[in-house]
**Student:** 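Quick one: the structure is below, and I'll ask about it shortly.
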Number of protein chains: 2
Amino acid sequence: MKRTSLPKKGYNGNIYYNIKVLQNYRSKGRACKIFGGIFLETISVIANSLSLSNFLHDVAEKFHTYIFDRGDRIHVKMGETLFCEGDPAQRCYFVLKGRLRLTKLHEQGKTVVVRYINPGELTAAIAVFKEKNYPVTAQAATAAETIGWNKQTMVDLMAEFPQLAINMLRVAVDRLDDLQARYLELCAEQVEQRIARALLRIMRQSGLKTEDGILIDFRLSRQELAEYTGTTLYTVSRALSAWEKKGWVISGRERITVSDPHALVLFAENG
Amino acid sequence: MKRTSLPKKGYNGNIYYNIKVLQNYRSKGRACKIFGGIFLETISVIANSLSLSNFLHDVAEKFHTYIFDRGDRIHVKMGETLFCEGDPAQRCYFVLKGRLRLTKLHEQGKTVVVRYINPGELTAAIAVFKEKNYPVTAQAATAAETIGWNKQTMVDLMAEFPQLAINMLRVAVDRLDDLQARYLELCAEQVEQRIARALLRIMRQSGLKTEDGILIDFRLSRQELAEYTGTTLYTVSRALSAWEKKGWVISGRERITVSDPHALVLFAENG
DNA sequence: GAAAGTCTTTGCGCCGGCGCAAAGATTGAA
DNA sequence: TTCAATCTTTGCGCCGGCGCAAAGACTTTC
């Protein structure tokens, strides 16, 4: 087992697109300042390649550029924090590329991963509708490109494109549904089963086919998987070890490949 | 300890209002058919007495009657099911009086209480925005009066009163926030602490001051509290017994009075 | 390429909470 | 009033999962 190396180039997050232009700009430290022109062409590719079923659903394509242009382009390096639980919520964000991790911190110090925000998804809608603080912390699980709109801008946009409000509502309803499902799992299932489900969920969102199976394409430590499933890193480690012996997964340091998804699904469903 | 009897009249759910008219009509089995006139006067009282911050927020009061009138008035007896997890979502509901229990059923048979819907709150917004099935089952935890709008009606209303869409979004965002908080609790806290928090939460929503303390004004079994906190009825029973010995609560069959809320809060926060 | 830092594995012991079982309490129906 | 149904309590035993500790594996830095 061990270590199939990650594809080196042209891939980050789960969107494939011509990344050259962006990389050139970034290498000159200017990525965050680019608007319009070539760069927005890239955005358009992203928007189309995704099931952008959500935020821009039923908004005519010709307006996408305009809408993105009204926000600020924000790049976050891996591990950096985009916004922090408890801070006043001022902006909502759309992820173009990369992956955000939303966490919540418990008084007694324990951290819980509430959700991952993938390319094409929106987060912190709360900023637009409530005079409140962010309920979670958003960190970049991989280097990420985002667009952030502040409250007033988004309100204006929603007045201009009422469909945006509807879409946002759809997003919120979906998130609620998803979280309810996970709440149920947390109550009703044993740890190993939950770990299996979590792994499969992440795999579906960020899986990358390789010859050994489906590789999860971002750094995912035992600790992090534990925080996502409500358990401890020891328990996760033991589960992965056991599954590796059965040939279901291949795991290395912060890297997991699911080599037998079918077996894992069976286990997730029947215990 | 034991058995302080529930106040007999004029109270149900957590709204106080002149209930006579309604009761007269109901006793003749006609409550479900009443619209407009006197009855809507009652509704108006309800709407004002609540922190209706939500669904009707910023909608001029003169329109409330009209909006309610567009829906169907539906009465559910205690224990009856309003809609069922997995059925096609056709209607969303507003609770006027009483309390709904939203549950989700796990494959392996375990039931989880996802949320309670109190007077003044809306549920099943999903029916309006998605071609989906209800993600939860709604049962009446006490006899309840609701207004149900079907999909098209609500879409029309939202076109007429765009504020309704905004309010609905606010509701969804709030629910998400609340569920995230409970998800965190479930991951990070011990059972007894969670039971304490749940009891306090329910108390705040449905507490009724009595001379012995704050009585939870609807039937709440150990089993149900267990399903709300992700544990078993045995564990809940043991916790309540222990707290009763400490003088924090007084509990009887399907009935709980919190006699020392302060102690319970301390326990909930510090374990 | 050596050393420091970080992540992972695994043995071991412990305990919070589960769940059966059986008795007791309360309620509703006949 | 009695009986059946339902809910609650509590003793007892068990075990899933936690968490320490220490060694091993992998990465990064200089």
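The chains referred to below are lettered A, B, ... by the order of the sequence lines, with proteins before strands, and numbering in each begins at 1.
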**Student:** Mind checking A:Arg194 for me? I need base, sugar-phosphate or nothing, with any heavy atom below 4.0 Å counting as a touch.
**Tutor:** nothing

**Student:** Taking the side chain as every heavy atom from C-beta outward, state whether A:Cys84 and A:Tyr134 have any atom pair closer than 4.5 Å.
**Tutor:** no

**Student:** A:Arg222 side chain N/O closer than 4.0 Å to the phosphate oxygens (OP1, OP2) of C:dT8?
**Tutor:** yes

**Student:** Begin from the C-alpha positions of A:Glu107 and B:Arg197 and carry the test salt bridge (charged side-chain N to carboxylate O under 4.0 Å, His left out) through to its verdict.
**Tutor:** CA-CA 14 Å; A:Glu107 300 148 1; B:Arg197 275 198 208 273; 3.7 Å; yes

**Student:** What integer distance in Å separates A:Leu186:CG from D:dG17:P?
**Tutor:** 12 Å

**Student:** If you pin B:Lys245 and A:Thr232 to their nearest nucleotides in DNA chain D, which one's is more 5'?
**Tutor:** B:Lys245

**Student:** For the pair made of CG in A:Leu240 and C1' in C:dT10, what is the distance, rounded to whole Å?
**Tutor:** 14 Å

**Student:** Which nucleotide in the set D:dA25, D:dT6, C:dT10 lies at the smallest distance from any side-chain heavy atom of B:Arg253?
**Tutor:** D:dT6

**Student:** Which part of the nucleic acid, if any, lies within contact of A:Glu192, taking any heavy atom under 4.0 Å across all strands shown: a base, the sugar-phosphate backbone alone, or nothing?
**Tutor:** nothing

**Student:** I want to check something: taking the side chain as every heavy atom from C-beta on, are A:Arg182 and A:Arg194 in contact at a cut-off of under 4.5 Å?
**Tutor:** no

**Student:** Applying a 4.0 Å non-hydrogen cut-off, can you work out what A:Ser237 is touching in the nucleic acid: base, sugar-phosphate, or nothing?
**Tutor:** base

**Student:** Round to a whole Å and report the spacing from CD1 of A:Ile250 to P of C:dT8.
**Tutor:** 17 Å

**Student:** What nucleotide among C:dG17, C:dC18, C:dT9 has an atom nearest to a side-chain atom of B:Gln190?
**Tutor:** C:dG17

**Student:** Closest to the A:Ser251 side chain: C:dC18, C:dT9, C:dG11?
**Tutor:** C:dT9

**Student:** Tell me the interatomic distance from A:Glu224, atom CD, to C:dT8, atom P, rounded to whole angstroms.
**Tutor:** 10 Å

**Student:** Kindly say if A:Ser241 contacts the phosphate of C:dT10, meaning a side-chain N or O under 4.0 Å from OP1 or OP2.
**Tutor:** yes

**Student:** For the pair made of CZ in A:Arg255 and P in C:dT8, what is the distance, rounded to whole Å?
**Tutor:** 11 Å

**Student:** Expressed as a whole number of angstroms, how long is the span from B:Glu244:CD to D:dT10:P?
**Tutor:** 9 Å

**Student:** With nearest nucleotides of DNA chain C determined for A:Leu220 and B:Val236 from heavy-atom distances, which residue corresponds to the more 5′ nucleotide?
**Tutor:** A:Leu220

**Student:** Rounded off to whole Å, could you give me the CH2-to-C1' distance for the B:Trp243 and D:dT9 pair?
**Tutor:** 16 Å

**Student:** Less than 4.0 angstrom between a side-chain N/O of B:Arg219 and OP1 or OP2 of C:dT26, yes or no?
**Tutor:** no

**Student:** Does D:dC7 have OP1 or OP2 sitting under 4.0 Å from an N or O in the side chain of B:Ser221?
**Tutor:** no

**Student:** Given the rule in the salt bridge (charged side-chain N to carboxylate O under 4.0 Å, His left out) test, do B:Asp260 and B:Lys246 qualify, once you have shown the distances and angles that lead to the verdict?
**Tutor:** CA-CA 9 Å; B:Asp260 190 347; B:Lys246 294 187 187 180; over 6 Å; no

**Student:** Taking only side-chain nitrogens and oxygens of B:Thr235, does any of them come within less than 4.0 Å of OP1 or OP2 of C:dG17?
**Tutor:** no

**Student:** To the nearest Å, give me how far apart CG (A:Leu233) and P (D:dG17) are.
**Tutor:** 16 Å

**Student:** Is there a salt bridge (charged side-chain N to carboxylate O under 4.0 Å, His left out) between A:Glu224 and A:Arg101 once you walk through the steps?
**Tutor:** CA-CA 10 Å; A:Glu224 191 169 331; A:Arg101 181 202 307 117; 2.9 Å; yes

**Student:** May I ask you to test the B:Pro135-B:Lys104 pair for a side-chain heavy-atom distance under 4.5 Å?
**Tutor:** yes

